[in-house]
Amino acid sequence: MDFWATASVLFKRWYVTIPAFLLTVVGAVGVFAVAPKTFISSSALVLTLPVTGGSVPSDPKFPNPRTNPLVSFDQGLSMTSSILIQALNTPEAVAKVGAPIGGDVTLKITSGGTNPEMMPATPFIVITCEAPTAELAHGIVVKVTELAKQELRARQQQVKAPPTTYVSATVVVPPTQPDEKKGSRMRSAVVTGALAFFMSLFAAFAAESFARRRQARRPMPPELGLYEPVASNGTRSLAGREG
């Protein structure tokens, strides 16, 4: 069916189309209003070496040179970051900060990449939390940030590293103020509106089909079936009167 035929049906069955359109608008607004809100907060840490490096000099008379931690990154920090991220993503760790797996809180701890299975080699730890309330999202990010520092220190104590060589977790982006994530609510409203619009089209064509069937089944008036067509001499004969 072409565009004009469709438009003709919609205008002809306005008493079905208009209420369906209004229900579409109300449904979309209602979905947007009742859809659960989601707030997002994040923070970022970077692992740095101490100013004296990651090793202890064998001769105290010749100490390691003092360097700027922000310019002394090596592959070891990237490996330490990956180990720490794996430790923070365990079910026990996420449950400890209030974001158990399967709950209404989404916690992502990565090294900055979008694909956690292909973590880039960086010394960064990026923490992102999505929660139904702003306070919960911000609070979980704060807890994970502190837990990352504690876990890093515990790992170094576990391997008996010299305290002067401990790697530090420096907060480069403090836990941000939660921001409402409206994209999911808007998508839900758009999908609901689209479905309701197609349902309105279906209702209009269903009403048109019902009206045509009802008209086709309507009995023909008796006087239309009693007579045969007018003859050439202008007379009509009754149907079934022959013989």
Side-chain angles (χ1 to χ4, degrees), residues 34-55 69-70 72-185 187-188:
V34 302
K37 295 182 179 180
T38 302
F39 295 87
I40 184 170
S41 179
S42 61
S43 69
L45 300 89
V46 63
L47 303 186
T48 57
L49 291 170
V51 293
T52 56
S55 61
L70 295 181
S72 58
F73 295 101
D74 59 17
Q75 191 67 26
L77 292 178
S78 301
M79 182 59 67
T80 303
S81 173
S82 299
I83 295 174
L84 196 57
I85 289 172
Q86 297 295 332
L88 294 174
N89 276 312
T90 60
E92 294 78 12
V94 296
K96 184 178 180 180
V97 297
I101 297 176
D104 55 357
V105 176
T106 302
L107 180 62
K108 296 180 181 179
I109 306 173
T110 66
S111 57
T114 57
N115 188 354
E117 297 180 357
M118 299 179 62
M119 292 187 298
T122 67
F124 289 96
I125 299 176
V126 180
I127 304 166
T128 304
C129 179
E130 297 181 12
T133 63
E135 295 78 8
L136 183 59
H138 186 267
I140 290 178
V141 172
V142 172
K143 291 180 181 179
V144 177
T145 302
E146 293 301 320
L147 181 61
K149 296 179 180 180
Q150 298 173 8
E151 185 69 21
L152 177 61
R153 187 174 184 84
R155 295 277 173 170
Q156 295 178 98
Q157 291 176 345
Q158 184 179 3
V159 297
K160 296 181 173 56
T164 57
T165 65
Y166 277 9
V167 175
S168 301
T170 304
V171 178
V172 293
V173 178
T176 60
Q177 291 298 323
D179 186 22
E180 183 179 356
K181 185 179 179 182
K182 298 182 179 180
S184 57
R185 298 176 65 199
R187 284 193 297 270
S188 300

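For Ser168, the side chain to side chain contact (heavy atoms under 4.5 Å, CB included) partners at least two apart in sequence or on another chain are Thr48. With sequence neighbours excluded, no residue satisfies side chain to side chain donor-acceptor pair (under 3.5 Å) with Arg153.
The two residues Ser41 and Val141 have their closest heavy-atom pair at O-CG2, 3.5 Å. Between Tyr166 and Pro50 the shortest heavy-atom distance is O-CD, 3.4 Å. The heavy-atom pair separating Ser78 from Pro123 by the smallest distance is OG-N, 3.9 Å. In plain terms, the two heavy atoms of Ala87 and Ala93 that are nearest each other are O-CB, 3.6 Å. Taking both residues in full, the closest heavy atoms of Ala148 and Leu84 are given as O-CD2, 3.8 Å, listed atom of the first, atom of the second, then distance. When every heavy atom of Phe39 is checked against every heavy atom of Ala134, the shortest pair comes out as CD1-N, 3.5 Å.
Atoms CG and CD1, on Leu152 and Ile125 in that order, are 7.0 Å from each other to the nearest 0.5 Å. For the atom pair OG (Ser42) and NE2 (His138), the distance works out to 10.0 Å, reported to the nearest 0.5 Å. Rounding to the nearest 0.5 Å places CG of Leu47 at 6.5 Å from OG1 of Thr80. Here the straight-line distance linking atom CD1 of Ile127 with atom CD1 of Ile140 works out to 11.5 Å at 0.5 Å rounding. Expressed to the nearest 0.5 Å, how far CD1 of Ile85 lies from CD1 of Ile83 amounts to 10.5 Å. The line from OG1 of Thr128 to CG of Leu107 is 8.5 Å long, rounded to the nearest 0.5 Å.
Counting only distance, with no hydrogens or angles, the side chain of Thr106 and the backbone of Glu130 share no donor-acceptor pair below 3.5 Å.
Within the structure, side-chain hydrogen bond (donor to acceptor under 3.5 Å, both in side chains) contacts touching residues 141-150 (residues at least two apart or in different chains) are Ser43-Thr145.
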As a quick check of understanding, evaluate salt bridge (Lys or Arg N to Asp or Glu O under 4.0 Å) for Glu92 and Lys96, giving each step before the final call.
CA-CA 6 Å; Glu92 294 78 12; Lys96 184 178 180 180; over 6 Å; no
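Screening Leu45, Val46, Val126 for a side chain to side chain contact (heavy atoms under 4.5 Å, CB included) with Val172, the sole residue that qualifies is Val46.
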